[in-house]
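Working notes for the structure below.
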Amino acid sequence: MTLLSRLLPVAALLFTFSAFSAGNETSHQHHAMNMSAEQPVWQSEGVVKKINDRQITIAHQAIGALNWPPMTMAFDRPAQQETAVQPGEKVTFSFTQTDSGYQLVRITPAH
């Protein structure tokens with residue numbers, strides 16, 4: 001058996017391992033990019049103060065996860081969702097941060 005014939009299986013194994021590792025690294029990078037693209041969603045309760053075409057203003061409770069005290073603020077209306085709430089109504093809502101502010105994900109009357 002020649003030296004080359006003994007080294008060939010080792011070289012093939014190293015090539016296979018490095019190709020698998022490179023593919024795995026790409027997979028991990030893709031997963032990390034997807035994770036960073038996902039925005040956190042926060043939840044709270046409050047009272048609807050005002051509704052217009054683009055926003056719903058809510059006087060909400062403190063949101064500890066964001067270190068926010070109770071306040072009144074306008075949230076962009078949920079995309080592709082009818083809002084069945086009225087001014088003066090108690091609501092539960094969830095929202096996320098966008099480039100332009102805060103976007104309601106869901107808003108429903110509180111029970």
Side-chain angles (χ1 to χ4, degrees):
M1 187 176 253
T2 67
L3 180 61
L4 180 59
S5 63
R6 282 193 244 163
L7 292 178
L8 193 55
V10 174
L13 181 60
L14 288 173
F15 176 78
T16 303
F17 178 75
S18 61
F20 173 77
S21 296
N24 234 3
E25 182 179 324
T26 302
S27 174
H28 288 301
Q29 288 171 347
H30 179 70
H31 182 67
M33 287 188 324
N34 284 344
M35 292 299 287
S36 65
E38 294 178 16
Q39 294 291 342
V41 175
W42 298 282
Q43 297 181 6
S44 189
E45 296 179 352
V47 176
V48 174
K49 294 297 184 179
K50 181 175 147 184
I51 299 175
N52 67 31
D53 292 344
R54 296 181 332 112
Q55 296 181 320
I56 298 176
T57 302
I58 304 170
H60 64 76
Q61 298 176 351
I63 302 174
L66 294 170
N67 294 320
W68 286 2
M71 68 176 102
T72 300
M73 63 185 288
F75 295 88
D76 292 335
R77 292 182 71 151
Q80 310 294 324
Q81 181 185 351
E82 289 294 320
T83 50
V85 298
Q86 301 297 320
E89 192 168 16
K90 290 183 181 181
V91 295
T92 59
F93 65 98
S94 57
F95 65 97
T96 189
Q97 186 172 8
T98 66
D99 291 337
S100 62
Y102 293 93
Q103 168 79 48
L104 288 168
V105 174
R106 185 166 189 208
I107 183 167
T108 57
H111 297 299

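Keep in mind that the numbers below use all heavy atoms, side chains included, and drop hydrogens, waters and symmetry copies. Position 1 is the first residue of the sequence; numbering continues from there.
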For Thr108, all residues meeting side chain to side chain contact (heavy atoms under 4.5 Å, CB included), sequence neighbours excluded: Thr92, Arg106

Side-chain donor-acceptor pairs under 3.5 Å in residues 46-60, sequence neighbours left out?
unit_1 : atom_1 : unit_2 : atom_2 : d
Asn52  : OD1    : Arg54  : N      : 2.8
Asn52  : OD1    : Gln55  : N      : 2.7
Gln55  : NE2    : Asp76  : OD1    : 3.3

Donor-acceptor under 3.5 Å (Gln103 side chain, Arg77 main chain): yes

Nearest atoms (heavy-atom pairs only) where Tyr102 meets Met73: CD1-CE, 3.7 Å

side-chain hydrogen bond (donor to acceptor under 3.5 Å, both in side chains) contacts in which one or both residues fall within residues 61-73, not counting sequence neighbours: Glu45-Gln61

Partners meeting side chain to side chain contact (heavy atoms under 4.5 Å, CB included) with Gln43 (sequence neighbours left out): Ser94

Residues forming a side chain to side chain contact (heavy atoms under 4.5 Å, CB included) with Pro109, sequence neighbours excluded: Val85, Glu89

Verify same cluster id: Val41, Ile107 (apolar side-chain graph, 4.5 Å): no

